[in-house]
Amino acid sequence: MITTGTATVTLPADDQILITREFDAPPALVWRAITEPDLVRQWWGAGMGEMTVCEIDLRVGGSWRYAQTAASHGQTVEFYGEYLELEEPSKVVNTEIFAPFPDSPSTCTATLTPSADGTRTTFANLVQHTTQEARDMHINSGMEVGMQRSYDALERTAVDLVN
């Protein structure tokens, strides 16, 4: 069963954002959906533009880069970073930089926890900003609407791998 718009956003500290959501797929498939470029292209940006770059060098010290031409204004939206820690299929730690603000990197720790029967995944992404100002800019950017749509598409991508 695909759930829609069910990610929860909380602010556990002045410089943190915690996003949690359950997906109807086991962690190994959610892992594939968030780490394989062909699969990331199916969900990232949730159809709000054309994804023009999806580069993933999945190794500690490797880099990633996503870019999309936004359908609403035609400008490029770009994020990039470095992988700091990888524990397949349960944990990804990476830096994340929004290209217009290269001096405000955040560190994202995503954990994938299986349900008791192993068929579902609780996905938790803790975004650690360097300052409260950076966190507030992120949370007030309107990111939640696009994130919910992207996570809905991520779930569909992972569920399609089950079938």
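All values derive from a computational prediction rather than experimental measurement. Numbers here simply count residues along the sequence, with the first being 1.
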Inset, instruction - Evaluate the side chain to side chain contact (heavy atoms under 4.5 Å, CB included) criterion for residues E155 and D24: first the C-alpha distance (whole Å), next the side-chain angles of each, then the deciding distance (0.1 Å), finally the verdict. - result: CA-CA 7 Å; E155 183 169 39; D24 191 20; 3.3 Å; yes
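- Of the options L126, V9, T8, a side-chain contact (heavy atoms from CB on, under 4.5 Å) to L18 is made by L126 and by none of the others.
- For the atom pair CD1 of I34 and CG of L112, the computed distance is 5.0 Å after rounding to the nearest 0.5 Å.
- Using a 4.5 Å cut-off between side-chain heavy atoms of Ile, Leu, Val, Met, Phe, Trp and Tyr, with links allowed through other members, M48 and V40 fall into different hydrophobic clusters.
- Looking at S106, its side chain never comes within 3.5 Å of a backbone N or O of V127 through a donor-acceptor pair.
- Checking each of I17, I19, N125, L84 against C108 for a side-chain contact (heavy atoms from CB on, under 4.5 Å) leaves exactly one that passes, namely N125.
- Note: F123 and Y151 have perpendicular aromatic rings, judged against thresholds of 30 and 60 degrees for the angle between ring planes.
- Between F98 and F79, the ring centre distance stays below 6.0 Å.
- A donor-acceptor contact shorter than 3.5 Å links the side chain of W64 to the backbone of T95.
- A side-chain donor-acceptor contact under 3.5 Å links D15 and Q128.
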Legend entry - Stepwise salt bridge (charged side-chain N to carboxylate O under 4.0 Å, His left out) check, R65 with D57: CA-CA 9 Å; R65 180 177 298 271; D57 179 9; over 6 Å; no
Inset, instruction - Apply the test side chain to side chain contact (heavy atoms under 4.5 Å, CB included) to residues M147 and S150: give CA-CA distance (whole Å), side-chain angles for both, the deciding distance (0.1 Å), then the verdict. - result: CA-CA 5 Å; M147 178 206 67; S150 287; 5.6 Å; no
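- Of all heavy-atom pairs spanning A25 and T121, the tightest one is O-OG1, 2.6 Å.
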